[in-house]
Amino acid sequence: MRIEKHDGTDEKTVLIGMIVDDAVCGRIVSKWKEGLFRSKWSNLVGSWCVKHFERFGHAPGKKVQHLFERWTEKGDRDEATVGLVERFLSGLSEEWVTLKRESNSEYVLDVAGKHFALVQAERFREQLDDFIQEKEPDKIASAINGYIQVKLGLGEGIDVLHDKEAWKAAYGPHTEPLIEFSGALGRFFGNALARNSFVAFEGPEGRGKSFWLQEIAFRAVLQRRRVAFFELGDMTRDQIMERMGSRFAVMPLGPGKIKYPKKILSPDRNGGGKEPAARVVFETRRFDEGMTWQKAMRACDDICHKRIKSNEPYWLLYNYAPDILHCRDIQTILTEQERNGWVADAVIIDYADNLSMSYVGKEGRDCINEAWKHMRRISMEHHCLVVTATQTNAASNDALIIRRKHFSDDKRKRATPTAVYGINQTETEKDSGIMRLNNIKKRRGTYKESFCVHVAGCLELANPAVLSTF
């Protein structure tokens with residue numbers, strides 16, 4: 001199925017959300033009043049959604065077509081409005097499942113809050129203009145005193161004891177992982193890679209941080225998540241494309257033999273020792289040819305048509321030199337893309353230490369703290385998953401397990417992320433293609449800093465996570 005791109009106006013974004021998304025529809029129902037949309041036909045369809053939700057407790061979805069047919073049967077209707085609604089619904093007819101799955105509820109509610117507020121303000125201004133023309137100061141004062149703005153999304157106040165829709169949203173889809181891994185690694189991450197979360201990987205230089213960030217991007221795309229990837233100087237665009245070409249095509253950059261993990265055996269913890277190593281059984285794969293751009297493009301085409309089943313852009317790559325890109329710039333880019341109808345599910349920053357950290361009135365470590373708080377702000381304001389990486393201190397090079405004491409620059413880096421993972425590896429494990437991840441911080445659930453998941457990868461194929469075990 002090919003997904004066609006919709007008109008990216010806020011009005012249609014909100015209206016589609018009301019039709020397909022229970023969370024969006026439910027929150028708007030609690031605030032609904034006539035005339036929140038600009039156009040007559042949008043208000044009409046919105047009112048159908050509200051009535052359907054009030055009766056059945058969920059968004060109408062495909063049944064909105066039936067509501068439209070019932071409406072057209074009730075007598076003389078404005079042909080222009082009928083035509084607009086019919087064209088709008090026909091554009092959605094083959095996309096219900098996809099639209100529901102890919103709806104970013106909280107983002108849509110933020111858009112709805114801003115859009116409804118602007119429409120209200122426009123109509124309020126028109127009303128005041130009429131009263132001014134009529135020279136009715138009492139009516140002007142009454143209108144001003146009675147003006148109440150509809151508020152939705154970030155910054156909205158709720159009645160904790162009575163707001164059922166807010167409680168439903170608190171246990172809704174945003175608590176589920178946006179990006180999933182299989183096996184032990186999937187259980188290790190749990191729901192950490194979820195919307196509105198901020199996740200950081202930590203490790204010394206050359207430990208594979210970029211591999212993990214790129215792997216998360218790759219898995220996200222396969223799962224139809226939109227990724228905005230910001231590369232900040234560690235790799236050029238060509239180097240990233242080369243590496244990901246190998247990941248897409250499952251082929252090394254040059255010809256030769258590689259060892260590919262076939263089976264991973266759990267470490268024997270009965271023999272003592274702080275962290276016994278997992279054992280990996282490899283198979284040898286021979287490649288007579290290396291990668292070319294044609295092979296990379298064919299692999300991309302296969303992914304688009306067989307895996308994603310869409311020609312929409314799911315991975316946007318931005319490349320910058322170190323100390324150039326500021327978090328403000330990232331927000332500007334995301335906002336511009338949102339205006340074009342492309343809303344990021346995941347924002348990946350490779351890596352945080354190379355961000356521009358210029359903040360007025362701040363110096364040194366305070367600037368680092370501001371940058372990390374700003375990344376958290378991005379995850380909350382754009383309702384996306386933000387993933388980054390940072391280097392640990394020199395002592396972590398020889399540490400068996402990276403712990404809280406191994407931070408670099410400023411320990412407040414750990415304050416804002418919802419989860420922080422250490423990337424651990426001995427020289428023996430490096431030779432065997434094994435890494436260990438541990439929880440340094442986890443906001444949801446319990447964890448042990450010393451407990452690791454063992455992961456076998458094949459970096460020649462740009463895949464750090466082929467197999468995993470505890």
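Nothing here was measured: the structure is a model prediction, and the numbers come from that model.
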Requested in this report: Mind checking salt bridge (Lys or Arg N to Asp or Glu O under 4.0 Å) for R412 and listing every partner two or more places apart, or none if nothing turns up?
Outcome: D366, D410
Roughly how far apart are [X] [atom1] and [Y] [atom2], rounded to 0.5 Å?
X	Y	atom1	atom2	answer
M380	S197	CE	OG	11.0 Å
S379	R195	OG	CZ	11.5 Å
C300	M244	SG	CE	9.0 Å
L355	D329	CG	CG	9.5 Å
I308	W315	CD1	CH2	10.5 Å

Determine whether a donor-acceptor pair (N or O, by modelled atom type, separation under 3.5 Å) exists between the side chain of [X] and the backbone of [Y].
X	Y	value
K31	L152	no
H406	R403	yes
Q120	I148	yes
D350	K209	no
D22	A59	yes
N463	L459	no
N104	D345	no
Y318	L232	no
E11	R38	yes
N191	E176	no

If you count heavy atoms of other groups shown closer than 6.0 angstrom to [atom1] of [X], is the number above 12?
X	atom1	value
R307	CZ	no
E205	CD	no
K114	NZ	no
R365	CZ	no
Q149	CD	yes
K151	NZ	no

Query raised in the report: For A462, what residues pass the side-chain contact (heavy atoms from CB on, under 4.5 Å) criterion, not counting sequence neighbours?
Result: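 F211, R243, R247.
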Report summary line: Sorted by chain and number, sequence neighbours left out, side-chain contact (heavy atoms from CB on, under 4.5 Å) with K413 holds for D353, I368, W372, T390, S408, D409
Determine the interplanar angle of the [X] and [Y] rings, folded into 0 to 90°, and report it as parallel if under 30°, tilted if 30 to 60°, perpendicular if over 60°.
X	Y	result
H326	Y359	tilted
W32	F116	perpendicular
H115	F37	tilted

Query raised in the report: Do the two ring centres, one from Y421 and one from F189, sit under 6.0 Å apart?
Result: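 Between Y421 and F189, the centre distance is under 6.0 Å.
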Requested in this report: Run the ring-centre check on F470 versus F451 and record whether the distance is less than 6.0 Å.
Outcome: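 Under 6.0 Å, so yes.
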May I ask you to say whether [X] pairs ionically with [Y], meaning some side-chain N is under 4.0 Å from a carboxylate O?
X	Y	value
K373	E370	yes
E202	R414	yes
E165	K168	yes
R436	E429	yes

Query raised in the report: Taking atom types as modelled, is there a side-chain donor on Y351 or Q391 under 3.5 Å from an acceptor on the other?
Result: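 Side-chain D/A pair, Y351 to Q391: present.
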Query raised in the report: Going by heavy atoms in the side chains, are R27 and E156 under 4.5 Å from each other?
Result: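 The answer is yes; the side chains approach within 4.5 Å.
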